Structures are given as structure tokens and as C-alpha cells.
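Below you'll find the structure, written out as C-alpha cells, and then a few comments.
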Amino acid sequence: MTDDPFSLAVPEGWTVETDVDTDEASAKTVYESPDSDRRVTITEFARGLTLYWWVDIFAFADGEWHRREVGLGDSYRDADAVSDAAQDALDRLASSGERVESIADD
């Protein structure tokens, strides 16, 4: 398991992977479920001198990933707020046993 830059309480069996794309000055941390059917991602990016984060939930169904955004698509400017949003998403997905079909419904 990769070190978690956000120090979240990662549920047992979930993996953490950080991908840094220096060409676009962005980074993505991916938390993936043991069955590889659910993901919570944190994307970090900069606009000018301001740092932002997005938190998204993805569900794998019918051969593709379906995105569900946390916080109604808001971008976060506070590191504590983004960590709280991502932790809430992880906790909900891990403890509820919520299946892909219910997450991926459009």
C-alpha cells in the first residue's frame, strides 16, 4: 500500500495509490475497494497560485467507470475539508455495503 498523503482511515482491504502528473501540475490519489468496483479519488490541481481539490466517487459497472461527485461538484480550497469529504465517502461505501448498481444509477 502506498503512503496516503491525506492520512485517511482507509477501510480494511482498500488500496491507496497516488499518481502525480507533473506535465499538468496535478496529482490524483485513488482509494479502491477490495473488489475493484468502487473508487474514491482526490484530484489536486492549481489555478494560478491557488490550490484546489476535487473528491469523486466512481463505480465500475457494465465495463466502465461511472463518476459520482462528492459535495455536488464543488472544488475544495481547504485541505481539512477535502479530507473530511473523502473520509465520509470512504466510510459510507465501506460500511454500507452499497453495491455498484445503486451508486452507478444515473
Side-chain angles (χ1 to χ4, degrees):
M1 181 156 95
T2 305
D3 289 330
D4 179 7
F6 295 94
S7 301
L8 300 185
V10 180
E12 187 173 335
W14 284 63
T15 59
V16 180
E17 202 172 298
T18 299
D19 176 29
V20 178
D21 184 351
T22 55
D23 290 341
E24 295 187 19
S26 65
K28 184 178 287 190
T29 302
V30 178
Y31 304 86
E32 190 166 306
S33 69
D35 296 334
S36 298
D37 63 353
R38 294 164 287 162
R39 286 182 176 172
V40 175
T41 65
I42 300 174
T43 304
E44 179 180 295
F45 62 99
R47 294 287 187 257
L49 298 176
T50 305
L51 191 59
Y52 296 92
W53 295 271
W54 279 327
V55 178
D56 297 304
I57 295 174
F58 288 86
F60 193 78
D62 300 324
E64 61 185 51
W65 288 100
H66 301 269
R67 182 171 63 180
R68 294 291 179 244
E69 296 189 48
V70 176
L72 303 174
D74 291 341
S75 57
Y76 297 91
R77 294 190 299 174
D78 178 68
D80 290 335
V82 75
S83 292
D84 289 346
Q87 187 68 63
D88 287 347
L90 280 174
D91 292 346
R92 180 173 62 96
L93 291 174
S95 67
S96 72
E98 194 168 351
R99 298 309 311 156
V100 171
E101 294 80 15
S102 64
I103 299 169
D105 287 341
D106 285 325

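Predicted model only: the values in this text are computed from it and were never measured.
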Is the backbone of Ala61 close enough, under 3.5 Å, to the side chain of His66 for a donor and an acceptor to pair up by distance? yes
Shortest non-hydrogen pair, Val55 vs Ala86, comes out as CG1-CA, 4.0 Å
Tell me whether the NZ or CZ atom of Arg39 lies within the 45° cone about the ring axis of Trp65 and under 6.0 Å from its centre. yes
dist Lys28:NZ -> Asp19:CG (nearest 0.5 Å) comes out at 8.0 Å
In short, Thr18 meets Asp3 closest at the heavy-atom pair OG1-O, 4.2 Å
query: Which is it for Phe58 and Arg38 under the side chain to side chain contact (heavy atoms under 4.5 Å, CB included) test, yes or no, and what are the steps along the way?
result: CA-CA 6 Å; Phe58 288 86; Arg38 294 164 287 162; over 6 Å; no
Are any side-chain N or O atoms of Gln87 and backbone N or O atoms of Ala9, one a donor and one an acceptor, separated by less than 3.5 Å?
yes
In this structure, OG of Ser75 is separated from CD of Glu44 (nearest 0.5 Å) by 12.5 Å
When every non-hydrogen atom of Leu8 is compared with those of Ser83, the smallest separation belongs to CD2-O, 3.5 Å
Pro34 meets the side-chain contact (heavy atoms from CB on, under 4.5 Å) criterion, sequence neighbours left out, with Trp14
| said: Could you check whether Asp37 and Ser33, counting side-chain N and O atoms only, form a donor-acceptor pair closer than 3.5 Å? | reply: yes
When you compare the side chain of Phe6 with that of Thr29, does any pair of heavy atoms fall below 4.5 Å? yes
message: Show, in sequence, the C-alpha distance, side-chain angles and deciding distance for Phe45 and Trp53, and conclude whether the ring pair (Phe, Tyr, Trp, His ring centres under 6.0 Å) test is met.
response: CA-CA 6 Å; Phe45 62 99; Trp53 295 271; 8.9 Å; no
Worksheet item: Yes or no on side chain to side chain contact (heavy atoms under 4.5 Å, CB included) for Glu32 and Val16, after CA distance, side-chain angles and deciding distance?
Response: CA-CA 7 Å; Glu32 190 166 306; Val16 180; over 6 Å; no
So CZ of Phe60 and CG of Asp35: to nearest 0.5 Å the spacing works out to 12.5 Å
